[in-house]
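Comments concern the structure below.
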Amino acid sequence: MNRFKKIREIVKKIPLGKVCPYSEIARFLGYKDNRIIGWAIYNNQDPLVPCHRVIKKDGSLAEKYSLGGWREQKKRLVKEGVGFLDQNHVNLRRHFWRPGKILSSS
DNA sequence: AAAGTGACGCATT
DNA sequence: TAATGCGCCACTT
């Protein structure tokens, strides 16, 4: 049931300085609809959920970042050391992370 | 209770 | 190459 909750749990596990695409989270949890990831953190006020580390698969940021738009999101990421190739494209080569890493790291 | 809405991503046209 | 359609779930009204 609480897929949203599950999703947020995953998002919480994204390490500092890393980013994770919506689709990876969805796939990890067995969901076919990537949109639910965004919905799960839409208007999310929980500071424990680093929703700014969740991005689109091509590295671009969601335009409707709830806490101030993608520019704010970018600011947060840069602050964590995440590099950008373009104005709204994360350097996935360096900062890509996927939920599966939880398994290999523990 | 039913319908609308909402941070995506891929296949097809 | 760009635009459109589908997938499919929880929350709000």
Side-chain angles (χ1 to χ4, degrees):
Chain A
M1 27 150 67
N2 287 353
R3 278 156 246 257
F4 280 23
K5 191 173 173 186
K6 252 177 166 182
I7 290 167
R8 287 194 279 266
E9 286 303 311
I10 297 296
V11 174
K12 281 184 192 170
K13 296 181 193 301
I14 303 178
L16 186 80
K18 294 286 181 180
V19 295
C20 181
Y22 301 97
S23 55
E24 283 295 330
I25 299 174
R27 211 177 54 179
F28 179 74
L29 294 175
Y31 309 148
K32 296 167 189 169
D33 188 356
N34 301 314
R35 293 181 296 178
I36 68 172
I37 310 301
W39 305 339
I41 56 182
Y42 170 73
N43 239 0
N44 172 36
Q45 319 124 328
D46 192 343
L48 300 190
V49 178
C51 43
H52 55 283
R53 302 198 188 127
V54 183
I55 61 174
K56 299 194 201 180
K57 197 164 196 185
D58 64 352
S60 63
L61 308 176
E63 298 156 24
K64 293 189 182 173
Y65 181 64
S66 305
L67 308 179
W70 65 267
R71 292 182 298 183
E72 175 64 24
Q73 184 176 6
K74 177 186 174 185
K75 221 192 276 179
R76 282 169 172 248
L77 290 171
V78 170
K79 209 167 170 186
E80 294 183 355
V82 175
F84 277 71
L85 305 175
D86 288 332
Q87 195 166 38
N88 61 184
H89 282 76
V90 171
N91 187 342
L92 289 176
R93 192 183 55 176
R94 280 173 42 195
H95 307 290
F96 184 87
W97 180 88
R98 76 167 71 190
K101 290 223 171 188
I102 297 171
L103 305 177
S104 51
S105 67
S106 63

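Small disclaimer: the values here were computed from a predicted structure and weren't measured. By convention in this document, chain letters (A, B, ...) are assigned in the order of the sequence lines, proteins followed by strands, and residues within each chain are numbered from 1. These numbers come from the heavy atoms of this one structure, side chains and all, not from hydrogens, waters or symmetry mates.
- Spacing between atom CZ of Arg8(A) and atom P of dC9(C) amounts to 17 Å, rounded to whole angstrom units.
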Subject >> Test log, rule side-chain contact (heavy atoms from CB on, under 4.5 Å), inputs Tyr65(A) and Cys51(A) >> reply: CA-CA 9 Å; Tyr65(A) 181 64; Cys51(A) 43; 3.9 Å; yes

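- When atom types are taken as modelled, the side chain of His95(A) and the backbone of Gly17(A) share a donor-acceptor pair closer than 3.5 angstrom.
- Nucleotide dG6(B) holds its P atom 17 Å from the CD1 atom of Ile7(A), rounded to whole Å.
- Comparing dT12(B) with dC8(C), their P atoms sit 15 Å apart, to the nearest whole Å.
- By the neighbour-count criterion of 12 heavy atoms within 6.0 Å, atom NZ of Lys12(A) is densely surrounded, having more than that number from other residues, nucleotides or ligands.
- Rounded to whole angstrom, the span from the CD1 atom of Ile36(A) across to the P atom of dA7(B) amounts to 15 Å.
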**OP:** Do nucleotides 8-13 of chain B as a string where each nucleotide becomes B, S or -: B if the base has a protein heavy atom under 4.0 Å, S if just the sugar-phosphate does, - if no protein is that close.
**Re:** BSS---

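- Atom CD1 in Ile41(A) sits about 16 Å away from atom P in dA10(C), given to the nearest Å.
- Atom NZ of Lys6(A) is separated from atom P of dA10(C) by 11 Å (rounded to the nearest Å).
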Original post:
Are Glu80(A) and His52(A) close enough, and set up right, to give a side chain to side chain donor-acceptor pair (under 3.5 Å), and what steps lead you there?
Top reply: CA-CA 11 Å; Glu80(A) 294 183 355; His52(A) 55 283; 2.8 Å; yes

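- Tyr42(A) does not carry Lys64(A) over the face of its six-membered ring by the limits of under 6.0 Å from the centre and within 45° of the normal.
- Contact check, Lys32(A) against dG7(C): no side-chain N or O comes under 4.0 Å of OP1 or OP2.
- Rounded to whole angstrom, the span from the CZ atom of Phe4(A) across to the P atom of dC8(C) amounts to 15 Å.
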**OP:** Just do the side-chain contact (heavy atoms from CB on, under 4.5 Å) check on Ile14(A) and Cys20(A) with the steps written out, would you?
**Re:** CA-CA 7 Å; Ile14(A) 303 178; Cys20(A) 181; 3.6 Å; yes

